[in-house]
Amino acid sequence: VVWGVTPSLHTPLVALTKLYARLLLGVELEAALWLRIRVLCRDRVSEGCQNAAYTYLQQFPNGQYAELARRVTNAPIE
C-alpha cells in the first residue's frame, strides 16, 4: 500500500476524483487533481499517471504541487 491507498480502492478512487474534478467550479480543483495523481501513481509511473500530471499542470502550472507533477511527467514509464 503506497500513500495509504489499498489496491481494492484504486479504481473507485480514480472514478471519484474524475467526477469531483468535473463538478467543482475551481474551489478545490487543485486538490482533486493532485489526489488523482497520487492515486494513479501510487505504485509506479504509468501512462495514466503521467496524463494526470499533465492535466494538473495544464490547470495549475504554478500550483502547490507543480514541481512534483513535472517530475512525474519527466519520469520514465515503468
Side-chain angles (χ1 to χ4, degrees):
V1 176
V2 177
W3 284 338
V5 177
T6 61
S8 64
L9 292 176
H10 179 256
T11 302
L13 278 174
V14 170
L16 181 62
T17 59
K18 285 182 182 179
L19 176 63
Y20 187 61
R22 279 192 302 239
L23 293 175
L24 292 175
L25 298 174
V27 177
E28 294 294 335
L29 181 59
E30 183 177 8
L33 293 177
W34 177 246
L35 178 59
R36 187 164 176 248
I37 293 170
R38 289 189 54 177
V39 170
L40 289 170
C41 303
R42 77 182 198 290
D43 53 15
R44 66 186 180 89
V45 176
S46 64
E47 187 176 337
C49 166
Q50 285 187 331
N51 287 339
Y54 283 121
T55 299
Y56 174 90
L57 288 170
Q58 286 175 341
Q59 294 290 320
F60 301 98
N62 299 311
Q64 182 176 356
Y65 306 104
E67 184 55 39
L68 293 170
R70 279 188 199 85
R71 287 188 206 169
V72 170
T73 62
N74 293 322
I77 294 177
E78 299 176 12

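These numbers come from a predicted model, not from an experiment.
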Quick check: does any side chain N or O of E30 sit under 3.5 Å from a backbone N or O of Q64, one acting as donor and the other as acceptor? yes
Nearest 0.5 Å, please: how far is CG in L29 from CZ in F60? 4.0 Å
Scan the side chains in residues 70-78 for donor-acceptor partners under 3.5 Å anywhere in the protein, sequence neighbours excluded, and list what turns up.
residue, atom, partner, partner atom, Å
R70, NH1, A66, O, 3.3
R70, NH2, P61, O, 2.5
T73, OG1, R70, O, 2.7
N74, ND2, R70, O, 3.1

For L40 and A52, the nearest pair of non-hydrogen atoms, with its separation, is CD1-CB, 3.7 Å
Value for CZ (R36) from SG (C49), rounded to nearest 0.5 Å, stands at 10.0 Å
Nearest-0.5 Å distance that lies between atom CD in E28 and atom CG in L35: 11.5 Å
Got Y65 and L33 here, is their nearest side-chain heavy-atom distance under 4.5 Å? no
Between atom CG of N62 and atom CD of E67, what is the distance when rounded to the nearest 0.5 Å? 11.0 Å
Does A69 have any side chain to side chain contact (heavy atoms under 4.5 Å, CB included) partners at least two apart in sequence or in another chain, and if so, which? I37, A53, Y56, L57
